[in-house]
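Notes follow the structure.
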Amino acid sequence: MGRNGGVRRQSSSAGAAAPSFTANPGDYQLMEEVGYGAHAVVYRAVFVPTNKVVAVKCLDLDQLNNNIDEIQREAQIMSLIEHPNVIRAYCSFVVEHSLWVVMPFMTEGSCLHLMKIAYPDGFEEPVIGSILKETLKALEYLHRQGQIHRDIKAGNILIDNAGVVKLGDFGVSACMFDRGDRQRSRNTFVGTPCWMAPEVLQPGAGYNFKADIWSFGITALELAHGHAPFSKYPPMKVLLMTLQNAPPGLDYDRDRRFSKSFKEMVAMCLVKDQTKRPTAEKLLKHSFFKNAKPPELTMKAILTDLPPLWDRVKALQLKDAAQLALKKMPSSEQEALSLSEYQRGVSAWNFDVEDLKAQASLICDDEPPEIKEDEDTTRVIEVKKDSYSRNHLGKSSSTNKNVFSERAGTTATNLDEIEAFDFGVNNVDTKIMPNGYENTRSENDSSPSTSKQDPESKHWRSTSGQKQQTSCIPAFHSGGVNSSIIERGHGLERDTTVQLASDKHRTETRRTTNLSGPLSLPTRASANSLSAPIRSSGGYVDSLGDKSKRNVVEIKGRFSVTSENVDLAKVQEVPLSSLSRKSPHVRLLCTNIIYEHPFWEATAHANLIYDIN
Ligand SMILES: Nc1ncnc2c1ncn2[C@@H]1O[C@H](COP(=O)(O)OP(=O)(O)OP(=O)(O)O)[C@@H](O)[C@H]1O
């Protein structure tokens, strides 16, 4: 392993010799921002010594709830990966307070970006078949390696201009090998609400690699319609709908354009009983995939005449900001933020149990039920948008106001530009279909649009004053926006929290945030998902966990995954001593988001109130 600027050689995913990359940040010229997730910003970059274009994902270690063990665990995952349909890190290293992960640049970005910019109603079946087949190959490989990905969604399926499809983002993947027992079910709850399998949401149920098959089925629907089922609802509601409603699926009437074979394949994935879902290996033998065309034959057609990825990403950022700025409704910015939250789904769970109870008790049920119930559903819960908006914004007004003001200020001069973009997110007329899917009609012009913008380029060079801790090991993580980079960068949706100067101030702000409302949206929502991953570590029933922590639940946008299942003895040493030094600080932040009440107790309580009403 290279240390402190050393060079590490790795074989490429295709098996050929991979280019060598240094762990010296000064060797990377950061160009445009090409993606952002809940806690990461991804840049197109040039590796100066060879002039090779790469992607650099920058993660803020200060924002990670993950500890060094988790980073090691993820390093282990990445070092095991070798498959043409799985993104592999060339190398990674720590720069000041952030982790940089160098990886192949996927020129067309994620399928989600593609849909948002040019295919708001989803792709045609041949394209979907190609994308899903490549993704399923990746999944089959990961499952064979004992890995559960846990965050399968269009935002994590990346494409390049040759039509190559790769699965990315291993921030929340989990190892099924646990002290030799590869069949052990997991109980730590991880994922992105709309894509999460019922058993993942079910207290104590335990889940395994079949959770990925459910998410895969949801992703199929996402690619078919341009959005995941229930994506416009807040996470609590998504959770309840997933548990209580019949599984979503392709509708025989509404989805006439799709084949029977496709519908059948989706239905096989979206079975609530995980034991009845097929394995990835078995699913690959389904006729839908047998007949799927190679991506190089189907993908190129959908990639023509599109602006460069960075222009698209910038346009999407402007669009997101515009959604907030343009919603100047009577009750002001908070209303707009709330509506935006509905439209996007929620990118983080950041709630307080008492707030949750209060919210539940205020929910009105004077709207008729709209959703067909599953057999075991006792009552359909329909939350009025207005009441939700008012309730959940109650205590967070000051935070949200600040955020909005900042955004509005940023975007005011860009409104003309913004109006050129339309991704079919607003003005949706939605009806819940009997199959649990939303019959959504966009009133927006969904035609692709382009804008000529001059992306702000950045050239990052290390300076003598900058602390660096480098290790050229593969590592992926889950969390954290690099605040310094975001502040320098395009940050239309900056996280005001990370902009605070001192650690103390930052800690206090986080505490405030947690008290500020049950489902508060982070100021920089993930563009990678309509709802961002929810993770719980130290979960409610993890058998290896400290018994005293059984009821301790962490809920936040990007959460640490428990690393107890990793045999650290097998993990390559990661020279991240600077992280250790920071650990008290990290622990302090974690303390602020741990509740000494089980999440499920709160949910049950909320349910009870709903039922009584
Ligand atoms: N190698 C790459 N090449 C091009 N674009 C990329 C690459 N990796 C990521 N991106 C873009 O950046 C976005 C965010 O990346 P990523 O999913 O890794 O971040 P994240 O913070 O883990 O996201 P989230 O947690 O919200 O899913 C992706 O959706 C994609 O559009």
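Atoms CD1 and NZ, from I218 and K153 in turn, are 13.0 Å apart once rounded to the nearest 0.5 Å. Note that CZ of R312 is 5.5 Å distant from CG of L309, once rounded to the nearest 0.5 Å. How far CG of D212 is from CG of L167: 8.5 Å, rounded to the nearest 0.5 Å. Taken to the nearest 0.5 Å, the CG atom of D311 stands 11.0 Å off from the CG atom of L316. Taken to the nearest 0.5 Å, the OG atom of S110 stands 8.0 Å off from the NZ atom of K116. Residue I148 holds its CD1 atom at 7.0 Å from NE2 of H143, rounded to the nearest 0.5 Å.
Under a 4.0 Å N-O distance rule, the pair E108/K300 does not qualify as a salt bridge. Under the 4.0 Å criterion applied to side-chain N and carboxylate O atoms, K137 and E140 are not assigned as salt-bridge partners. Remark: E82 engages R88 in a salt bridge, criterion side-chain N to carboxylate O under 4.0 Å.
When side chains are defined from C-beta on, Y36 counts as touching V313, because their heavy atoms get closer than 4.5 Å. Looking at R144 and E281, their side chains never come closer than 4.5 Å, going by heavy atoms from C-beta outward. Two residues are said to be in side-chain contact when any heavy atoms from C-beta on lie closer than 4.5 Å; L283 and L139 fail this criterion. Side-chain contact check for S98 versus L59: every heavy-atom pair is 4.5 Å or farther apart. Taking the side chain as every heavy atom from C-beta outward, V34 and M106 never approach each other to under 4.5 Å. F93 has its side chain within reach of V102: a pair of non-hydrogen atoms, C-beta onward, lies under 4.5 Å apart. Side-chain contact between R44 and V54 is absent, with no heavy-atom pair separated by less than 4.5 Å. In this structure the side chain of M31 never reaches within 4.5 angstrom of the side chain of W310, judged on heavy atoms.
When all heavy atoms are compared, the tightest approach of V200 to A211 is CG2-CB, 3.7 Å. Annotation for A292 and S130: closest pair CB-N, 4.4 Å, computed over non-hydrogen atoms. In terms of heavy atoms, M115 sits closest to A154 at CE-CB, 3.9 Å. The heavy-atom pair separating G163 from P295 by the smallest distance is O-CB, 3.2 Å. Closest non-hydrogen pair, T298 versus V127, comes out as O-CG2, 3.9 Å. Closest of all the heavy-atom pairs between L132 and A220 is CD1-CB, 3.6 Å.
Classification of the Y141-H83 ring pair by plane angle, with boundaries at 30° and 60°, yields tilted.
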Is there a side chain to side chain contact (heavy atoms under 4.5 Å, CB included) between L303 and L114 once you walk through the steps? CA-CA 8 Å; L303 301 174; L114 255 183; 3.7 Å; yes
Start with the C-alpha distance between V164 and M299, add both sets of side-chain angles, then the distance that settles side chain to side chain contact (heavy atoms under 4.5 Å, CB included), and finish with yes or no. CA-CA 8 Å; V164 173; M299 301 299 292; over 6 Å; no
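With E134 contributing its side chain and V165 its backbone, the two residues share no donor-acceptor pair below 3.5 Å. With S215 contributing its side chain and W195 its backbone, the two residues share a donor-acceptor pair below 3.5 Å. A donor-acceptor distance shorter than 3.5 angstrom exists from the side chain of Y28 to the backbone of T22, with no hydrogens or angles considered. Judged purely by atom type and a 3.5 angstrom limit, N85 has no side-chain atom pairing as donor or acceptor with the backbone of K166. Side chain of H227 to backbone of G122: no donor-acceptor contact under 3.5 angstrom is found.
The number of heavy-atom neighbours closer than 6.0 Å to CD of E296, taken from other residues, nucleotides and ligands shown, is above 12.
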